[in-house]
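Here is the structure we will look at.
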Amino acid sequence: MNAQRDGQQALHLYRQLNMQANADVSSSSSSPPQLSRSKLYGLAAVVEHYGKCGGGHYAVYRRVASNPDPDDPGKPVAGLGKRWFYISDGYVSEVPEEDVLRAEATLLFYERL
């Protein structure tokens, strides 16, 4: 019974988001685009789950943009030094982007560009 209710709530949320997206598209076609806020997003992390429902293990692929400016470590430079890492408990290793794209994603995280 709960699964049916949860499914109906998810469908309702999906429809609301879809209507909002359609409204945004129709309203943006008549007005000039806003240059102050970027609507481009880049994949920042991919979470995988191993095992069965109710048990198992999570691991993550995380994109890291290296910063060539040592004086400002909080300011990554777009497009430079993007590397992917696989992180699982105490194990961390650098991986090629192809491994990330082949992952069986449970969650995807995006960040505004």
Side-chain angles (χ1 to χ4, degrees):
M1 189 66 168
N2 284 341
Q4 183 180 8
R5 186 192 65 203
D6 292 344
Q8 289 172 347
Q9 288 175 340
L11 181 59
H12 177 70
L13 178 60
Y14 171 78
R15 287 181 179 154
Q16 280 184 315
L17 292 171
N18 223 7
M19 286 189 295
Q20 179 64 40
N22 289 338
D24 289 346
V25 169
S26 63
S27 66
S28 67
S29 61
S30 61
S31 62
Q34 293 181 356
L35 299 177
S36 61
R37 292 191 61 185
S38 172
K39 292 192 180 189
L40 297 175
Y41 293 85
L43 184 62
V46 175
V47 177
E48 278 189 312
H49 180 262
Y50 303 100
K52 297 180 180 180
C53 184
H57 179 72
Y58 288 95
V60 67
Y61 292 93
R62 178 68 168 110
R63 182 177 53 87
V64 176
S66 61
N67 185 1
D69 184 1
D71 296 328
D72 191 1
K75 182 182 173 193
V77 178
L80 293 179
K82 291 182 182 172
R83 299 162 46 193
W84 285 94
F85 290 88
Y86 175 80
I87 304 154
S88 177
D89 292 338
Y91 176 78
V92 178
S93 67
E94 189 169 358
V95 295
E97 187 175 43
E98 292 77 27
D99 287 2
V100 179
L101 298 176
R102 282 193 297 262
E104 294 185 26
T106 301
L107 291 171
L108 300 174
F109 289 88
Y110 291 87
E111 56 191 5
R112 191 181 299 239
L113 299 177

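Count residues from 1 along the sequence.
- Nearest heavy atoms, Ala59 versus Tyr50: CB-CE1, 3.8 Å.
- Across all non-hydrogen atoms, the minimal contact from Arg62 to Ala45 is CD-CB, 3.9 Å.
- The side-chain heavy atoms of Leu43 and Tyr61, taken from C-beta on, include no pair separated by under 4.5 Å.
- Neither Val64 nor Leu101 shares a network with the other; the hydrophobic side chains, linked directly or stepwise wherever heavy atoms of I, L, V, M, F, W or Y lie under 4.5 Å apart, form separate groups for each.
- Take Glu98 and apply the salt bridge (charged side-chain N to carboxylate O under 4.0 Å, His left out) test, not counting sequence neighbours, and it matches no residue.
- Of the candidates Asp89, Val47, Ile87, Tyr58 forms a side-chain contact (heavy atoms from CB on, under 4.5 Å) with just one, namely Val47.
- Residues Tyr86 and Asp99 have side chains not in contact (no heavy-atom distance under 4.5 Å, counting atoms from C-beta outward).
- A salt bridge (charged side-chain N to carboxylate O under 4.0 Å, His left out) with Arg63 is found for one member of Glu97, Glu94, Glu111 and no other, namely Glu111.
- Remark: side-chain polar atoms of His57 are not paired, donor with acceptor, to backbone N or O of Glu48 under 3.5 angstrom.
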